[in-house]
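To start, the structure itself, in structure tokens.
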Amino acid sequence: MAEREYRRLPGRGRAKTGVGALVSTSSRLFLARDHLLRVYSMGWIQNYKRFYFSDIQALAVCKTKRATVWNIILGVLWFACVAAFAYGWSEPLLKPVRRDSNFNPGTWFLGGALLFFLVLLVINLLRGPSCRTQIQTPVSTEELPSLNRLGTALKVLDQLRPLIEQAQGAITPDELPAKVAEMVRNTPPRIIPGTGMPGSLRRELNYRGAMHQWLFMLLLATGLLTGLSIFHNYIALILVTTACVAAAAIFAIVSLVKQHQSLAGKALRGVTWGAMAFICIYGLIGYVNMIIVVIQHPKIANDQWQMLKLMTESYSMQSPWHVGTRAFMLAASSGLGISGLLLLRSFRRSTGFLRPRDNPPHDH
Amino acid sequence: MASRIVNCVKCQATLLGEGFNSGLLQPCPACGTPIRVDVFPALFRQIERGSGPETLLTSEEAGCYYHPQKRAAVTCESCGRFLCALCDVELNGQHLCPNCLDSGRKKGKLKNLENERTLYDNLALSLAVLPMIIWPFTLITAPAAIFISLRFWNAPTSLVPRTKIRFVVAILFAGAQLCGWCAGIYAIFSRR
């Protein structure tokens, strides 16, 4: 009977399948007497794949940064809700709807959003770091999406290992290095397509960082314009700054894609991600400023030009919010721009991508 | 067939065995990502080629049903036909011919080959719950949900353990919707 044949293993994940990876499929793992069953559930269809213990060649678990990224996103969203709630509480903006009532829809909405993001953040923190798990057989290497948290994946691997060794036998630590060396020697190397070079690395070897260069130059320009706007607050300056950030956003996305399989180092990749985060925060700050202006002047909500004028005029050196946000934008954009350009130069130098005129001639 | 090497999950670099079976997360030599790899003897096992059929030498020997010129090696445990080494398919210790294998898979008799099932309980529950968003459709979907629940109550649902709670919930929801429709129609006619 099915109830005695399969035992559910911990972990639950989603595998993206379907047209354009738009359809999400739930994945679970079950343990049978002589095999592992991977179940994909999509609506009212279930797909099964069996991995017999006698056929399993390897299990690999690789730590990823997905959980950290979600922690950051949820943390920023929660903090934004807290900031908006605190600002609305201190300023008479969240007014009761009726005079004879204390009901305030804005407070309830922000309070609810604040609690929602906090719960998600806590759950993500409790679930621990994320990972990817793969199972290798003689004919294929398959993902196990349900083992997407490191703690769960390691626990399941510790459960599976003795069962697989019972079916196949164990490899002693002494014989393992020799067997692996012989296997690597006997296996023909994969050739990277388009390069003719042997190796298993999937790397885009000819990317020289052009997109990164534009990104960091635009960030530097944003920093300069923001510095100017602290002392000279003109609408034209705000518009040009916003245009620079919008262009930087496009180059940031392209750079992130280009660097994914390039030879760029960790520092350069980190700064590029930092640039993307800064652009998102810049957008969020602008959105908050717009909300504040709309709340203070509800009649101009549909007039974009008036809204922009009021946003510019509302800037004040006495307001800690305005000074703080401008100082942050100046420091972050300049810092990211300068560090990014320096790291890019180092990347080009280390990979030999610098132009001949950048290399000083040697005196013999 | 040669063995397959183990690659890093993230960067696909070849892993050379350092840290295999240690139970610890070791950095990948190419991308530095922490990775744990457990390998087993199957990784180093060379897959043997299957033996080919032998030619029938004398008329006294039994020939294969599908290849009369080849000597029969086994009989199909489902239909009893004689099979040569090429036609013999071994599955869970049983020797089957290709026809019985195919028909067994299609009729669901060979559970080990089954790789897809329809979950009628999920279908019934979806029909009972989702149309409530646009409630006029429940006039059609509620009876459909009850029909599917009763029709497929005893049908095999999932390979893995599963209760019939979804059928029960679907019947309850659909029943409540039908009661609501009956009450509404009665109220309309009674006012006239």
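These values consider heavy atoms only, across backbone and side chains, with no hydrogens, waters or symmetry-generated copies. Being a predicted model, the structure only gives us computed values, none of them experimental. Throughout, a chain's letter reflects where its sequence line sits, starting with A, and its residues are numbered from 1.
- What you find for B:V9 and A:C62 is that their closest heavy atoms are CB-CB, 3.6 Å.
- Expressed to the nearest 0.5 Å, how far NZ of A:K179 lies from CZ of B:R45 amounts to 10.5 Å.
- For the options B:P34, B:C8, B:S126, B:A124, heavy-atom pairs under 4.5 Å to chain A are most numerous at B:P34.
- Enclosure of atom NZ in A:K65 is not indicated, since only 12 or fewer non-hydrogen atoms of other residues, nucleotides or ligands lie within 6.0 angstrom.
- Side-chain atoms of B:N122 come within 3.5 Å of backbone N or O of A:G43 as a donor-acceptor pair.
- Ranked by heavy-atom pairs under 4.5 Å with chain A, the list B:L15, B:V39, B:V37, B:D38 is led by B:D38.
- If you tally non-hydrogen atom pairs under 4.5 Å between each of A:L160, A:D55, A:D158, A:L37 and chain B, the highest count goes to A:D158.
- Counting non-hydrogen atoms of other residues, nucleotides and ligands closer than 6.0 Å to CZ of A:R8 gives a total of 12 or fewer.
- Other residues, nucleotides and ligands contribute only 12 or fewer heavy atoms inside 6.0 Å of the CD atom of B:Q69.
- Residue A:F53: no heavy atom, backbone or side chain, is found under 4.5 Å from chain B.
- For the atom pair A:E5 CD and B:L159 CG, the distance stands at 7.5 Å (nearest 0.5 Å).
- Distance CZ/A:F30 to OG/B:S158: 7.0 Å, rounded to 0.5 Å.
- To the nearest 0.5 Å, atoms CZ (B:F20) and CD1 (A:I171) are separated by 10.0 Å.
- A distance of 10.0 Å separates CD1 in B:I35 from OG1 in A:T133, rounded to the nearest 0.5 Å.
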Steps toward side chain to side chain contact (heavy atoms under 4.5 Å, CB included) verdict (B:F40, A:L59): CA-CA 9 Å; B:F40 305 99; A:L59 290 165; 4.1 Å; yes
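- Distance check: A:L150 CG to B:R36 CZ gives 9.5 Å after rounding to the nearest 0.5 Å.
- Looking at B:R117 and A:Y48, their side chains come closer than 4.5 Å, going by heavy atoms from C-beta outward.
- Within the 4.5 angstrom heavy-atom criterion, only side-chain atoms of A:K266, from C-beta onward, approach chain B.
- Smallest separation of non-hydrogen atoms from B:A42 and A:S54: CB-O, 3.9 Å.
- A:V180 has its side chain within reach of B:F44: a pair of non-hydrogen atoms, C-beta onward, lies under 4.5 Å apart.
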A:R161/B:N21 under side chain to side chain contact (heavy atoms under 4.5 Å, CB included): CA gap, chis, key distance, verdict: CA-CA 10 Å; A:R161 190 179 176 80; B:N21 293 359; 3.3 Å; yes
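- Heavy-atom pairs under 4.5 Å with chain B were tallied for A:D34, A:L157, A:V39; the largest tally goes to A:L157.
- Residue A:E142 places its CD atom among more than 12 non-hydrogen atoms of other residues, nucleotides or ligands, all under 6.0 Å distant.
- Counting heavy atoms from C-beta outward, A:I45 and B:T118 have side chains that approach closer than 4.5 Å.
- The number of heavy-atom neighbours closer than 6.0 Å to CH2 of B:W181, taken from other residues, nucleotides and ligands shown, is above 12.
- Using a 4.5 Å cut-off on side-chain heavy atoms (C-beta onward), B:K10 and A:K63 make no contact.
- Between B:V6 and A:Q57 there is no side-chain heavy-atom pair separated by less than 4.5 Å.
- At most 12 non-hydrogen atoms from other residues, nucleotides or ligands lie less than 6.0 angstrom from CZ of B:F82.
- In this structure, B:Y65 places its OH atom where only 12 or fewer heavy-atom neighbours from other residues, nucleotides or ligands lie under 6.0 Å away.
- At most 12 non-hydrogen atoms from other residues, nucleotides or ligands lie less than 6.0 angstrom from CH2 of B:W135.
- Panel note: side chain A:R50, backbone B:N115; no donor-acceptor pair is recorded below 3.5 Å.
- Only the side chain of B:L25 comes within contact range of chain A, with heavy atoms under 4.5 Å apart.
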